[in-house]
Amino acid sequence: MGIESDSGGGWGVARGLVVKTLVLIGGALLLKRLTKTTTRWDHARLVSRSLSGEKFSKDQASRDPDHYFNFRMLTCPAAEMVDGSKVLYFEQAFWRTPQKPFRQRFYMVKPCPKELKCDVELSSYAIRDAEEYKNFCDRPNDQRPLPEEVVGDIAEHLTTIHLKRCDRGKRCLYEGSTPPEGFPNSWNGAAYCSSELSILKNNEIHVWDRGYDNDGNQVWGPKEGPYEFKPAPASSTGDMFSPLNFPLQQSIEKRIEGSFVLRE
């Protein structure tokens with residue numbers, strides 16, 4: 001009787017020690033995870049993932065059809081540079097004609113240089129033969145240009161945006177803009193252009209591209225605010241065919257001049 005009691009007591013003590021040990025180990029692992037430092041490349045990877053996918057400005061066009069179109073933005077990974085920088089292919093089209101993009105770019109995403117006070121550097125480049133890349137993201141992998149071909153087709157540098165993590169409590173994850181002096185641009189009478197970008201927590205992208213002449217007058221781009229691109233819910237494709245989304249072609253051509261840059 002006494003032996004059984006001692007044995008049970010010993011097992012109870014041992015079990016208690018095991019439980020305490022597991023709790024301590026679990027706590028240490030949780031603390032390590034909570035205090036883990038986010039690396040510069042972690043930021044770049046998060047920005048790349050947030051930019052990728054299919055997004056539409058449908059909601060904004062519904063609210064304010066006089067100033068915004070329903071555009072489709074499509075972005076996907078295309079290659080990786082030797083230094084680890086991600087190359088994304090980007091195209092934009094009217095939602096009704098996704099097979100005819102009017103704007104095509106390569107984005108290069110990498111950490112900001114250490115001397116700059118930012119987290120991610122996002123640069124846009126022209127494509128050497130843009131026609132070869134139309135609907136790149138919609139094609140099967142074996143029908144796309146190879147990564148080494150992508151790298152070889154990166155043409156002139158267009159803009160660079162320096163993104164910083166947003167302050168705690170804000171809707172955005174990252175936000176940034178081009179330098180105050182902007183970048184050279186000659187489309188529609190412009191002398192230079194500027195760009196502002198915000199990446200929201202729900203993968204929504206706000207982008208505000210504008211062109212200015214030598215006197216500082218805005219000559220292209222929306223004046224009311226940035227374009228708001230939201231990921232399209234899988235069930236939303238049906239309601240995109242509402243009468244609101246079928247403006248007259250002549251109305252589109254008239255409004256397009258002052259609404260958004262189509263080519264730089």
Side-chain angles (χ1 to χ4, degrees), residues 44-62 68-80 85-110 120 122-147 149-151 153-155 158-159 161 163 173-174 195-209 221-222 226-241 245-246 252 256 259-264:
R45 281 189 286 269
L46 181 55
V47 167
S48 295
R49 287 197 301 269
S50 298
L51 290 172
S52 296
E54 186 180 38
K55 307 176 195 296
F56 292 89
S57 57
K58 173 180 178 293
D59 290 350
Q60 189 178 31
S62 297
Y68 297 95
F69 297 105
N70 182 3
F71 286 138
R72 180 210 197 205
M73 171 195 288
L74 186 61
T75 310
C76 63
E80 185 171 319
S85 302
K86 303 292 184 183
V87 180
L88 308 177
Y89 170 75
F90 158 88
E91 69 182 19
Q92 220 168 67
F94 286 102
W95 74 273
R96 292 185 301 125
T97 53
Q99 72 281 5
K100 297 178 180 180
F102 56 72
R103 197 180 198 198
Q104 297 171 262
R105 296 284 184 270
F106 283 135
Y107 284 151
M108 192 175 298
V109 188
K110 61 183 179 180
V120 180
L122 175 65
S123 298
S124 65
Y125 292 83
I127 300 174
R128 200 171 304 282
D129 187 356
E131 190 68 26
E132 291 293 323
Y133 286 84
K134 279 187 176 181
N135 309 126
F136 176 91
C137 301
D138 292 318
R139 302 185 215 167
N141 287 336
D142 60 358
Q143 294 180 21
R144 299 177 178 180
L146 297 173
E149 294 177 302
V150 169
V151 173
D153 286 332
I154 297 175
L158 300 173
T159 62
I161 296 175
L163 296 166
L173 289 174
Y174 297 89
S195 186
E196 298 178 20
L197 178 69
S198 295
I199 297 175
L200 277 58
K201 296 175 181 178
N202 59 354
N203 277 341
E204 185 175 334
I205 303 295
H206 291 189
V207 59
W208 198 358
D209 296 331
Y227 260 87
E228 301 172 2
F229 289 94
K230 298 181 179 181
S235 61
S236 69
T237 52
D239 68 358
M240 296 183 78
F241 291 90
N245 288 307
F246 284 92
I252 289 181
I256 205 168
S259 175
F260 195 79
V261 56
L262 299 188
R263 293 185 180 87
E264 288 94 334

Are F106 and F136 near enough that their ring centres are under 6.0 Å apart? no
Is there a side chain to side chain contact (heavy atoms under 4.5 Å, CB included) between L122 and L51 once you walk through the steps? CA-CA 11 Å; L122 175 65; L51 290 172; 3.9 Å; yes
Any side-chain heavy-atom pair of Q92 and P101 under 4.5 Å: no
Using modelled atom types and a 3.5 Å cut-off, is there a donor and acceptor pairing between side-chain atoms of Y227 and backbone atoms of F69? yes
At what distance, to the nearest 0.5 angstrom, does CD1 of I161 lie from CG of D209? 7.0 Å
Can you name the side chain to side chain contact (heavy atoms under 4.5 Å, CB included) partners of S52, sequence neighbours left out? P77, L88
For S124 and T159, indicate whether the former's side chain and the latter's backbone hold a donor-acceptor pair under 3.5 Å. yes
side-chain hydrogen bond (donor to acceptor under 3.5 Å, both in side chains): pairs with one or both residues in residues 196-206, sequence neighbours excluded: E196-R210, N202-E204, E204-H206
Taking the six-membered ring of F90 as reference, does the NZ or CZ atom of R105 fall below 6.0 Å from its centre and within a 45° cone about the axis? no
Name all residues meeting the side-chain hydrogen bond (donor to acceptor under 3.5 Å, both in side chains) criterion together with D142; count only those two or more places apart in sequence or in a different chain, and write none if there are none. none
Interatomic spacing from OG in S48 to CD in E80 - rounded to 0.5 Å: 9.5 Å
Under 3.5 Å, is there a donor-acceptor pair between the side chain of Q60 and the main chain of P226? yes
Nearest heavy-atom contact between M108 and S85 is CG-CB, 3.9 Å
For V207 and S195 the tightest heavy-atom approach is CG2-OG, 4.2 Å
For K230, which residues count as a salt bridge (Lys or Arg N to Asp or Glu O under 4.0 Å) partner, sequence neighbours excluded? D59
Heavy atoms of Y89 and A78 approach each other most closely as N-CB, 4.0 Å
Which value, rounded to the nearest 0.5 Å, describes the distance between R128 atom CZ and E149 atom CD? 12.5 Å
Could you tell me if the side chain of R139 sits less than 4.5 Å from the side chain of P145, heavy atoms only? yes
Is any side-chain heavy atom of Y133 less than 4.5 Å from a side-chain heavy atom of Q104? yes
Do the non-hydrogen side-chain atoms of L173 and L200 ever get within less than 4.5 Å of each other? no
Is there a ring-ring contact (aromatic ring centres under 6.0 Å, His included) between F71 and F94? Walk through the geometry before answering. CA-CA 5 Å; F71 286 138; F94 286 102; 5.1 Å; yes
Any Q143 side-chain heavy atom under 4.5 Å of N141 side chain: no
Got D153 and E132 here, is their nearest side-chain heavy-atom distance under 4.5 Å? no
By side chain to side chain contact (heavy atoms under 4.5 Å, CB included), A79 pairs with (sequence neighbours left out) V87, P147, V150, V151
Can you tell if the side chain of Y107 reaches within under 4.5 Å of the side chain of K86, non-hydrogen atoms only? no
K134: partners by salt bridge (Lys or Arg N to Asp or Glu O under 4.0 Å), with sequence neighbours left out: E131
Any non-hydrogen side-chain atom of N135 less than 4.5 Å from a side-chain atom of E91? yes
